[in-house]
Amino acid sequence: MNHKIAKFGGTSLANFEAMSRCADIVLSSQSTRIVVVSASSGVTNLLVSLSTGSLSATQRNDAIAKISGIQSAIATHLELSSQQLSLIDDLLEKVGDIATSIARLNVGEEQVRTQLTDQLLACGEQLSSTLFTQVLIERGVNAHWLDVRDVMRTSSDFGKATVCIDTVAQLASERMTPLLEKQVIVTQGFIGCDTQGNTTTLGRGGSDYSAALLGEATHCSQIDIWTDVTGIFTTDPRITAQAYALEEISFNEAAEMATFGAKVLHPSTLIPAMRCNIPVFVGSSRAPESGGTIVRNETESKPVYRAIALRREQTLLTVTSMDMLHAPGFLARVFTILAKYNLSVDLVTTSEVSVAITLDNTGSNSGGNSQISQVMLDELEEVCQVTIEKDLALVALIGNAIDTSYGVGTRLFATLHDVNVRMICQGASSHNLCFLVEERQATDVISRLHHAMFEQNARGVA
Ligand code: ADP
Ligand code: ASP
Ligand code: MG
């Protein structure tokens, strides 16, 4: 069947009015047969605050009351069945119970905490999906609520689980595909389940990725990501009002954008879409008539500059050793230590006796910086000197043939003549040029680059 998937993000499901607009979108397209939802706006952040275990009992009750308030403001507009009502009550009770259990954990029980955290965070999507199913039913849609944990099989890496693609494909063909002919399946983004039946999550913002995975598993014709902006912009519209929505962007460019901080898409979203060549549409659930951006394999235009992404809170790790001089194997030793502590390297530059690297900080539940632990530093310091710099931001210029187009460097450095470019990576990909600047200068740097490269007559030309 030639079906589409619609994914609605948190702000799109923030209240009853917002959910009603999403229902309009589902109703407007007969081919939309799978709906993937995030938690209502604010709920996951409240659940994350409960998962820290550091709130007092009063603060915990406040957070739970806020979650319950967001959901009951929606529920009052609906005629929920007694089964749905008791599911919602059970979920809210579960939130309280898990939050209390986490608060009582002792130091050293990290493993239990991460496992409980995923159970806690999953309640957000379970609540919103229950409510949105009823919104659709009351609008005449033959909607079917599905617990995605029956399909989304993952590893047991709580907080950032890896998806078992083949198992998901098999489970989706058994448990989803037969329903698509007659029903609209409403299910949860972000969450999954390991082989022992434990709830897992895919990392913050992971609902986009869930939608793409389910799109791949059910062979859909398009994945529609409905959010709070009218598409993928030349840069985050919160940084500069001059940013504008792109009509089209290639998979490769959009994947670079997502990797380098454009929050509009979770970094892994395009992997399943690229594997199966499924176009992804990004649009605003508030203004669906405004159109949006289509992400696909081939684009009509291939501008040198397509967009600028920003990733804040970067840490630069510089390792130095005289052993590096003409000695093979030094880099391998450094990278082996980083891999041992599960740190994924992002940007790298090398000189004769030093290597500077930034670490990937995407996907963790807490957001923020990668965990550079003291034990890891101790181990690194056995082979080299280590310096750490914080308060940096990574700026990524995204486009086409950036590595071979004349004039890119001239434009970049002329625009940033008074900015300290702390590190620069260019040449590994034809789609990006990345550099680090001081965090406090980041928004100014983006605004200036945007002005020079995307405004007036520039519009993406080198
Ligand atoms: P949702 O809750 O729908 O998943 P997100 O908050 O995760 O929405 O993503 C949408 C936000 O992404 C926008 O409000 C915008 O501030 C941010 N964003 C960052 N970079 C871009 C970009 N290049 N284009 C559009 N939005 C962007
Ligand atoms: N609700 C989750 C989060 O806020 C997942 C998502 O919105 O994509 O991170
Ligand atoms: Mg998101």
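When a ligand or atom number is given, it counts from 1 through the structure's own listing order.
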Report yes or no: does N400 contribute a side-chain atom to a donor-acceptor pair with the main-chain N or O of P303 at less than 3.5 Å?
yes
Give the atoms of ligand 1, by number and element, whose distance to some non-hydrogen atom of A262 is under 4.0 Å.
20 (N)
I'd like to know if G206 contacts ligand 2, where contact means a heavy-atom distance under 4.0 Å to any ligand atom.
yes
For a quick test of reading the model, state the closest non-hydrogen atom pair linking R312 to A442 and the distance between them.
NH1-CB, 4.3 Å
Under 4.0 Å from a heavy atom of K7: which atoms of ligand 1 are those, numbered in the order shown and with their elements?
4 (O)
Compare S207, A211, S41 and give the one whose heavy atom is closest to atom 8 (O) of ligand 2.
S207
Could you check V37 against K7 for side chain to side chain contact (heavy atoms under 4.5 Å, CB included), going step by step and ending with a plain yes or no?
CA-CA 6 Å; V37 300; K7 177 261 167 175; over 6 Å; no
Of I232, T293, T269, the residue whose pairing with V264 passes side-chain contact (heavy atoms from CB on, under 4.5 Å):
I232
If the cut-off is 4.0 Å to any non-hydrogen atom of D228, which atoms of ligand 1 fall inside it?
10 (C), 11 (C), 13 (C), 14 (O)
Contact check: S38 vs ligand 2, nitrogen or oxygen atoms, below 3.5 angstrom
yes
Considering both backbone and side-chain atoms of G205, is one of its nitrogen or oxygen atoms within less than 3.5 Å of a nitrogen or oxygen in ligand 2?
yes
Out of T44, V264, D236, I239, who is nearest to atom 15 (C) of ligand 1 when you count heavy atoms only?
D236
Ring centers of F132, F8 separated by less than 6.0 Å
yes
Atom indices of ligand 1, in the order listed, that fall short of 4.0 Å to a heavy atom of K263:
5 (P), 6 (O), 7 (O), 9 (O), 12 (O), 19 (C), 20 (N)
A student checking ligand 1 against I232 at a 4.0 Å heavy-atom cut-off should list atoms 24 (N)
If we set the cut-off at 4.0 Å for heavy atoms, which region of V229 has an atom near ligand 1: side chain, backbone, both, or neither?
side chain
Whether the side chain of N432 engages the backbone of L397 through a donor-acceptor N/O pair (distance < 3.5 Å, no angle test) should be reported.
no
Is the closest heavy-atom distance from A309 to ligand 1 below 4.0 Å?
no
When you measure from atom 3 (C) of ligand 2 to every protein heavy atom, which one gives the shortest distance, and what is it?
R204 NE, 3.3 Å
Test item: T358 side-chain N/O and T315 main-chain N/O as donor-acceptor pair under 3.5 Å
no
List the closest protein heavy-atom neighbour of atom 1 (P) of ligand 1: residue, atom name, distance to the nearest 0.1 Å.
T227 OG1, 3.6 Å
Interfacing atoms of ligand 1 (cut-off 4.0 Å, heavy-atom, G10)
2 (O)
Please confirm whether F233 comes within less than 3.5 Å of ligand 1 when only nitrogen or oxygen atoms on both sides are compared.
yes
With a cutoff of 4.0 Å, is H266 in contact with ligand 1, counting heavy atoms of the residue only?
no
Set out, in order, the CA-CA distance, both residues' side-chain angles and the distance that settles side chain to side chain donor-acceptor pair (under 3.5 Å) for S221 and H3, then state yes or no.
CA-CA 6 Å; S221 59; H3 67 283; over 6 Å; no
Just heavy atoms, cut-off under 4.0 Å: does T234 contact ligand 1 by side chain, backbone, both, or neither?
neither
Give a yes-or-no answer on whether the side chains of S155 and D157 include a donor-acceptor pair shorter than 3.5 Å.
yes
Distance under 4.0 Å to a non-hydrogen atom of M257: what atoms of ligand 1 satisfy this?
23 (N)
Which bit of P237 gets closer than 4.0 Å to ligand 1, counting heavy atoms only: side chain, backbone, both or neither?
side chain
Would you call the rings of Y244 and H450 parallel, tilted or perpendicular if under 30° counts as parallel and over 60° as perpendicular?
perpendicular
Is the closest basic N to carboxylate O distance between R422 and E389 below 4.0 Å?
yes
Would you mind checking if D62 and K66 are paired as a salt bridge, meaning a charged N to carboxylate O distance below 4.0 Å?
no
Heavy-atom side-chain contact between L50 and I67 under 4.5 Å
yes
If you compare H266, Q188, K7, E125 by their heavy atoms, the one closest to atom 2 (C) of ligand 2 turns out to be E125
